[in-house]
Amino acid sequence: RGKKVISPEVLDELEEILIGADIGVRTTLELVEKIRTQVDRKLLNDTDELKRVLRQELLALLRAPVKSVSGRAVRSELDIPTDIRPYVMMVVGVNGVGKTTTIAKLAHLIKREGNDVIVCAADTFRAAAADQLTVWAERVGIPVIQQKPGTDPAAVVYDALQAAKSRDADVVIVDTAGRLHNKVNLMNELEKMSRIARREVPQAPHEVLLVLDAATGQNGLEQARQFAKTVPVTGLVLTKLDGTAKGGIVVAIARELGLPIRYVGTGEQLDDLAVFSPEAFVDSLFE
Amino acid sequence: MFEALSEKLKKTLKTLRGESKLTEAHINAAMTDIRIALLEADVNYGVVKQFVERVREKALGQEVWQALSPAQQVVKIVFDEMVELLGGGAASDLAFTSQTPNVILMVGLQGSGKTTSTGKLARFLAQQRKRHPLLVSVDVYRPAARDQLSVIGKAIGIPVYEDPTTDDPFKLARAAYREAQLRGFDTLLVDTAGRLHIDDELMVELAQLKAELHPVETLFVADAMIGQDAVRSATEFHERIGLTGVILSKMDGDARGGAALSIRSMTGQPIKFVGVGEKYDALEPFYPDRIAQRILGM
Ligand SMILES: Nc1nc2c(ncn2[C@@H]2O[C@H](COP(=O)(O)OP(=O)(O)OP(=O)(O)O)[C@@H](O)[C@H]2O)c(=O)[nH]1
Ligand SMILES: Nc1nc2c(ncn2[C@@H]2O[C@H](COP(=O)(O)OP(=O)(O)OP(=O)(O)O)[C@@H](O)[C@H]2O)c(=O)[nH]1
Ligand SMILES: [K+]
Ligand SMILES: [Mg+2]
Ligand SMILES: [Mg+2]
């Protein structure tokens with residue numbers, strides 16, 4: 001659409017787009033209010049300018065965490081520092097968001113860059129969770145460390161780290177069971193896994209990725225709060241962006257918790273993982 | 001009842017004191033609060049719009065009740081309307097016929113909880129409805145999907161039809177159907193692969209599976225944490241496949257579950273069960289008044 005004057009209907013439409021993308025009521029109302037003020041002061045005159053300003057606002061929100069969080073969180077796994085061995089990554093999140101699949105994709109990526117990767121099947125709870133990870137590990141061509149169902153997941157983490165040290169592996173990726181963030185015992189279990197990792201490898205886990213399903217609504221913010229409180233979350237992975245959901249809740253998360261978005265999942269195959277692009281993300285909100 | 005929303009409305013309606021009718025200005029102001037509360041609970045934008053319009057009409061010009069404060073009165077109008085839209089007060093049951101087997105088809109987006117819910121529902125039907133279920137997974141795509149259902153079947157003591165020599169969902173479905181007929185299982189629960197509503201190939205597969213199996217129930221399993229996209233995915237599943245009900249999973253979390261209202265009002269299909277945990281006994285009948293309370297933030 002070409003240039004239009006910014007009528008109240010345009011602002012309503014904008015509100016609908018932002019809320020419809022799950023950006024959230026609070027963030028949306030604030031953004032729309034900002035725009036409205038600028039329109040009233042004649043600082044913004046047509047829809048083209050509006051789009052440009054809004055895009056900048058959103059980009060600023062999404063880019064801010066990358067600047068503010070410690071360097072560690074935004075370092076690419078693709079050049080993992082040689083002085084950290086093994087480099088330990090944990091992948092966490094609520095049930096069914098795509099953790100195990102994301103690990104397969106990440107392992108594939110990191111291995112292709114010339115690293116020796118081990119995956120750790122620390123979901124000892126869900127039916128056939130270890131089998132699922134094992135199938136993926138075979139496809140990627142990497143070893144998986146696992147134990148009997150029902151084993152304490154921290155014990156599997158311990159095993160995996162010992163194995164990694166003795167094999168001189170570069171990277172260990174820990175798959176954790178899906179858990180709802182309001183379950184205290186399960187969150188404590190996660191904290192224990194992280195603690196054991198740190199005991200066995202200095203500074204570990206070096207990275208904790210929180211996986212969010214793009215279709216998640218406002219609850220995503222509380223998920224991020226609670227996981228970040230329990231383990232040192234360093235970034236987000238937004239999965240299932242190949243659907244029609246926009247994943248807007250990450251804007252609220254970036255804004256309130258300063259967590260950067262690292263990757264996006266765009267399908268169920270190994271290659272369906274991309275480094276997060278704020279520009280592409282923001283543009284897709286208005287498609 | 002509904003502390004947070006009532007408090008907000010109390011502020012909004014505080015100048016109403018002494019009037020005998022709910023006035024237009026007051027109702028409009030109250031509707032703004034309600035609209036925000038519903039959007040924060042993940043009710044779809046369009047659904048909120050329609051809902052608020054209906055409530056506004058109901059509330060306009062109503063006598064101010066003696067027994068309730070105006071804020072409580074507005075909340076009650078909202079609550080009653082929501083319960084009504086969610087299907088009234090009672091839980092809906094499953095439809096069974098004399099046909100053997102009765103097929104129940106489980107469908108939905110990736111990771112929504114289909115496989116787990118298949119196990120839960122089978123256990124529920126065996127224990128509470130004296131049915132004899134057989135399970136089959138036709139998910140030939142997700143790694144170890146069929147193993148997952150097998151493990152679940154063992155855990156709940158319900159047989160699972162398996163054939164590791166084929167990767168054809170139709171062969172699996174047909175063979176399981178025959179097996180159920182031969183061995184006298186009165187119910188066949190079919191767990192399908194997760195799929196996106198815009199994945200044409202897989203949606204066609206699902207429509208064909210349904211055409212072959214003539215299920216008595218086609219249940220859409222939806223994650224209670226889902227946001228604004230719920231309407232789009234549920235509507236497309238309903239239009240292409242024809243749903244007969246919904247299972248709302250992961251209600252043991254702290255999401256408000258506004259998707260329940262969106263899905264119900266857009267598809268017209270009742271929510272029949274809620275999943276409230278990862279264990280196989282964590283399935284409950286759906287009560288509209290409970291979810292209405294939750295959406296409104298009790
Ligand atoms: N369309 C699409 N599907 C995905 C994507 N990522 C994962 N999935 C699918 O989502 C479903 C759940 O993925 P999993 O990797 O098992 O999720 P999880 O978080 O490990 O699940 P739990 O361990 O049970 O909590 C599977 O069917 C995956 O194939 C994605 O980016 N796009
Ligand atoms: N807390 C909780 N978790 C649940 C519930 N229902 C399912 N889950 C969990 O959600 C995750 C996904 O469940 P699945 O049954 O594998 O989902 P699915 O729809 O079959 O997934 P795909 O086959 O990959 O599409 C698992 O970790 C389950 O344990 C529930 O009611 N509450
Ligand atoms: K999308
Ligand atoms: Mg998993
Ligand atoms: Mg499944």
Chain B: which of [options] shares the most heavy-atom pairs with it under 4.5 Å?
| options | result |
| --- | --- |
| A/Gly96, A/Gly98, A/Ala127, A/Gly20 | A/Ala127 |
| A/Ala128, A/Ala129, A/Gly178, A/Gly220 | A/Ala128 |
| A/Gly24, A/Ala104, A/Gly248, A/Gly243 | A/Gly243 |

Quiz prompt | Which atom of A/Asp12 lies closest to which atom of B/Tyr45, heavy atoms considered | solution =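 Minimum heavy-atom contact is O-OH, 3.8 Å.
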Quiz item: Taking all non-hydrogen atoms of both residues, which atom of A/Gln132 and which atom of B/Pro143 are closest, and how far apart?
Solution: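 Result for this residue pair: CG-O, 3.4 Å.
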With rounding to the nearest 0.5 angstrom, report the [atom1] to [atom2] distance, [X] to [Y].
| X | Y | atom1 | atom2 | value |
| --- | --- | --- | --- | --- |
| A/Thr28 | B/Leu39 | OG1 | CG | 9.0 Å |
| B/Lys250 | A/Asn95 | NZ | CG | 5.5 Å |
| A/Trp136 | B/Arg142 | CH2 | CZ | 10.5 Å |

Exercise. Count the heavy-atom pairs under 4.5 Å between each of B/Ile198, B/Thr115, B/Asp42, B/Leu149 and chain A, then report the option with the highest count.
Key: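 That would be B/Asp42.
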Quiz item: Which of the residues B/Gly227, B/Ala230, B/Ser249 is involved in the greatest number of heavy-atom pairs with chain A at under 4.5 angstrom?
Solution: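 Going by pairs under 4.5 Å, I would pick B/Gly227.
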So what's closer than 4.5 Å to chain B heavy atoms on [X]: side chain, backbone, both or neither?
| X | value |
| --- | --- |
| A/Glu222 | side chain |
| A/Lys183 | side chain |
| A/Arg26 | neither |
| A/Val97 | neither |

Exercise. Using atom types as modelled and distance alone, determine if a side-chain donor or acceptor of A/Asp22 lies under 3.5 Å from a backbone N or O of B/Gln228.
Key: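 Answer holds: yes.
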Exercise. Kindly say whether B/Asp252 contributes a backbone atom to a donor-acceptor pair with the side chain of A/Asn182 at under 3.5 angstrom?
Key: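 Yes, A/Asn182 side chain to B/Asp252 backbone: donor-acceptor pair under 3.5 Å.
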Self-check item: A/Glu15/B/Lys49 ion pair, N-O < 4.0 Å
Solution: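 Judged by the 4.0 Å cut-off on N to carboxylate O distance, A/Glu15 and B/Lys49 do not form a salt bridge.
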Quiz item: Cut-off 3.5 Å, side chains only: do A/Glu268 and B/Gln110 have a donor facing an acceptor?
Solution: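 There is such a pair (donor and acceptor under 3.5 Å, judged by atom type) between the side chains of A/Glu268 and B/Gln110.
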Quiz item: Going by distance alone, is a donor N or O of one side chain under 3.5 Å from an acceptor N or O of the other, for A/Asn219 and B/Asp254?
Solution: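 The criterion, which ignores hydrogens and geometry beyond distance, is satisfied for B/Asp254 and A/Asn219.
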Quiz item: When only heavy atoms count and the cut-off is under 4.5 Å, which of residues 142-152 of chain A reach chain B?
Solution: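 Heavy-atom contacts from residues 142-152 of chain A to chain B are absent.
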Self-check item: The single option from A/Asp213, A/Ile249, A/Leu180 passing side-chain contact (heavy atoms from CB on, under 4.5 Å) against B/Met225
Solution: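 The passing option is A/Leu180.
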Quiz item: Tell me, side chain or backbone of B/Arg35 under 4.5 Å from chain A's heavy atoms, or both, or neither?
Solution: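 Side chain only.
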Practice problem: Answer with side chain, backbone, both or neither: which region of B/Ile226 has an atom nearer than 4.5 Å to a non-hydrogen atom of chain A? | Solution: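 Both parts, heavy atoms under 4.5 Å.
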Quiz item: More than 12 non-hydrogen atoms from neighbouring residues, nucleotides or ligands closer than 6.0 Å to CZ on B/Arg56, yes or no?
Solution: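 Result for CZ/B/Arg56: enclosed.
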